[in-house]
Student: 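Structure provided below as structure tokens; questions to follow.
Hydrogens, waters and symmetry mates play no part in the numbers below; they use all other heavy atoms, side chains included. Chain A is the first sequence line, chain B the second, and so forth, proteins listed ahead of strands; every chain is numbered from 1.
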Number of protein chains: 2
Amino acid sequence: MPDDHRAAAVPPRPRRADARRNYDRIVAAATSAIAEHGAEASLEEIARRAGVGSATLHRHFPSRQRLLEAVFHGKVEALCATARDLAAGPDPGEALVAWLRAVAAHVVTNRGLATSLLHGAQDGDAVGASCHAMIVNAGQELLDGARRAGAVRDDVAIVDLLTLVNAICLATEHDPDGAAEAERLLDLVLAGVRPGLPSRTPAAK
Amino acid sequence: MPDDHRAAAVPPRPRRADARRNYDRIVAAATSAIAEHGAEASLEEIARRAGVGSATLHRHFPSRQRLLEAVFHGKVEALCATARDLAAGPDPGEALVAWLRAVAAHVVTNRGLATSLLHGAQDGDAVGASCHAMIVNAGQELLDGARRAGAVRDDVAIVDLLTLVNAICLATEHDPDGAAEAERLLDLVLAGVRPGLPSRTPAAK
DNA sequence: TACGATTCGGAGGGACACCCCGTTTACGCA
DNA sequence: TGCGTAAACGGGGTGTCCCTCCGAATCGTA
């Protein structure tokens with residue numbers, strides 16, 4: 001059933017050979033441009049790098065959001081695969097935690113992913129929600145497992161956790177050593193997710 | 001001593017009467033524009049509403065950040081006053097929690113405040129950090145009190161808490177009913193901050 | 001009142017997102 | 001293989017935005 005999502009995948013795919021070629025070039029150019037300048041990279045420069053006119057870029061990707069999703073689609077799939085792997089492991093609670101850390105790591109190393117996914121889920125944009133939906137579905141299974149194992153509170157939803165992870169990355173991505181800060185904040189949040197256990201603070205001083 | 005902060009306050013103050021008049025008009029126009037369009041409101045439209053040229057706006061506020069700080073300065077002071085009031089109360093732990101909720105409420109009702117404060121602390125901009133510093137100082141006292149009362153873990157810093165509050169508001173401000181979501185996430189985070197207490201979830205299931 | 005310093009704001013440069021529309025290209029079919 | 005048509009292309013134009021220059025206007029003061 002999730003194949004339906006992939007069938008109606010991120011952007012409408014081009015039919016003709018040259019269109020498909022340009023599409024791929026644009027995604028490649030966008031990938032490198034975003035890696036350099038973040039998700040706010042100039043669309044015109046992306047078109048320039050891809051060797052196409054700006055009109056072509058806008059025809060393939062009516063909004064910046066669509067382009068970001070095309071760029072991040074592969075990474076999202078990798079994240080979902082990671083979730084499946086972790087779900088097969090022995091400790092459901094640890095699996096969830098490990099996956100959330102993986103999500104955080106992906107978001108940190110892909111500037112703008114957080115914002116992209118966050119907004120994609122909320123705009124009317126039905127297609128825009130596909131990446132978000134994939135991740136939510138993947139995370140839901142891990143959360144269900146962890147909940148059955150009694151590792152998390154009952155009133156925590158997967159979107160809560162993902163929103164928090166995104167929020168943390170969003171808030172720390174401008175920080176010089178945001179990674180360490182993000183790590184600490186994530187620990188804090190995870191402590192609040194466990195049912196009744198006392199804190200397992202690593203080095204309380 | 002914190003008066004030193006106020007002495008070197010947010011923006012360089014205009015000296016001449018007409019300059020001060022325009023300054024006030026710009027801040028007023030920016031306040032309403034930001035309330036309508038968020039922190040990304042067009043600077044040119046703000047100048048237009050204020051009835052001044054765009055050059056005048058840029059002379060008074062060399063960066064958007066400076067303008068945001070001027071707009072939010074009053075609210076930040078109110079927040080610090082709230083902190084002092086709460087610090088005088090009987091329960092330090094509750095005082096901290098109540099204050100963080102107040103911070104969240106202010107951020108939610110002032111779109112862009114979060115981003116503004118977050119970035120102001122990280123740019124080289126010495127003046128830009130003043131709002132952030134005021135809030136951190138105010139919160140630090142509440143946290144110290146709560147820690148002495150044993151209401152929070154030892155390894156939690158006030159900047160962690162403020163970053164989380166900001167992050168949550170940032171992540172939920174585009175949501176249709178972001179307020180409810182923010183509330184839930186804040187509960188989650190606060191649960192992780194308490195030393196060993198089990199969750200006090202209001203309505204599980 | 002008259003002077004000098006400060007402030008003002010219109011005009012203009014550069015960058016950007018986005019669109020119009022004449023031209024070129026690829027595909028399907030005889 | 002050759003051709004007609006629909007699809008795709010991209011240069012150039014428009015409107016917006018941020019920001020700066022510099023001559024004109026304004027304020028405070030002697």
Student: Select from A:Glu40 and B:Gly53 the residue whose nearest nucleotide in DNA chain C is closer to the 5' end of that strand.
Tutor: B:Gly53
Student: Contact class for A:Ala19 (heavy atom, under 4.0 Å): base, sugar-phosphate, or nothing?
Tutor: sugar-phosphate
Student: With respect to the side chain of A:Asp18, which nucleotide from D:dC17, D:dA8, C:dC16 is positioned closest?
Tutor: D:dA8
Student: Look at A:His60 and D:dC9 and indicate whether a side-chain polar atom (N or O) is within less than 4.0 Å of OP1 or OP2.
Tutor: yes
Student: Let's see if you can work this out: which of C:dA26, D:dG28, D:dT20 has an atom nearest to the side-chain heavy atoms of B:Ala17?
Tutor: D:dG28
Student: May I ask you to decide if A:Ala41's main-chain N or O and A:Arg64's side chain share a donor-acceptor pair within less than 3.5 Å?
Tutor: yes
Student: Using whole Å, what does the distance between atom P of nucleotide D:dC21 and atom CG of B:Leu57 come to?
Tutor: 17 Å
Student: To the nearest angstrom, how far is B:Gln65 atom CD from D:dC19 atom P?
Tutor: 13 Å
Student: Measuring to OP1 and OP2 of D:dC18, would you say a side-chain N or O of B:Arg64 lies under 4.0 angstrom away?
Tutor: yes
Student: When you measure from the side chain of B:Arg153 to the backbone N and O of B:Gly192, does any donor-acceptor pair fall under 3.5 Å?
Tutor: yes
Student: In this structure, how many angstroms lie between the C1' atom of D:dA8 and the NE2 atom of A:His58, rounded?
Tutor: 16 Å
Student: Contact class for B:Thr56 (heavy atom, under 4.0 Å): base, sugar-phosphate, or nothing?
Tutor: base
Student: Report the nucleotide, chosen from C:dC18, D:dA8, D:dT20, that has the shortest atom-to-atom distance to any side-chain atom of A:Ser54.
Tutor: C:dC18
Student: Out of D:dC21, C:dT25, C:dT7, which has the shortest distance to the side chain of B:Arg16?
Tutor: C:dT7
Student: Could you state the CD1-P distance from B:Ile26 to C:dT7, rounded to the nearest angstrom?
Tutor: 13 Å
Student: What is the separation between atom OH on B:Tyr23 and atom P on C:dC8, rounded to the nearest whole Å?
Tutor: 13 Å
Student: Please report the distance, rounded to the nearest Å, between CZ in A:Phe61 and P in D:dC9.
Tutor: 11 Å
Student: With a 4.0 Å cut-off on N to O distance, would you call A:Arg101 and A:Glu94 a salt bridge?
Tutor: no
Student: Less than 4.0 angstrom from a charged side-chain N to a carboxylate O is my criterion; do B:Arg184 and B:Glu181 meet it?
Tutor: yes
Student: Before giving the answer on salt bridge (Lys or Arg N to Asp or Glu O under 4.0 Å), spell out for A:Arg84 and A:Glu141 the whole-Å C-alpha distance, their side-chain angles and the decisive distance to 0.1 Å.
Tutor: CA-CA 9 Å; A:Arg84 279 190 294 273; A:Glu141 293 182 26; over 6 Å; no
Student: Verify the contact: side-chain N or O of A:Asn22 to OP1 or OP2 of D:dA8, cut-off strictly under 4.0 Å; return yes or no.
Tutor: no
Student: A:His37 NE2 to C:dA15 C1': how many Å, rounded?
Tutor: 14 Å
Student: Has the side chain of A:Glu44 got a donor or acceptor that lies under 3.5 Å from a partner of the other kind on the base of C:dC16?
Tutor: no
Student: Can you check whether B:Arg59 has a side-chain N or O nearer than 4.0 Å to OP1 or OP2 of C:dT7?
Tutor: no
Student: What's the CZ-C1' distance between A:Arg20 and C:dT25, to the nearest Å?
Tutor: 17 Å
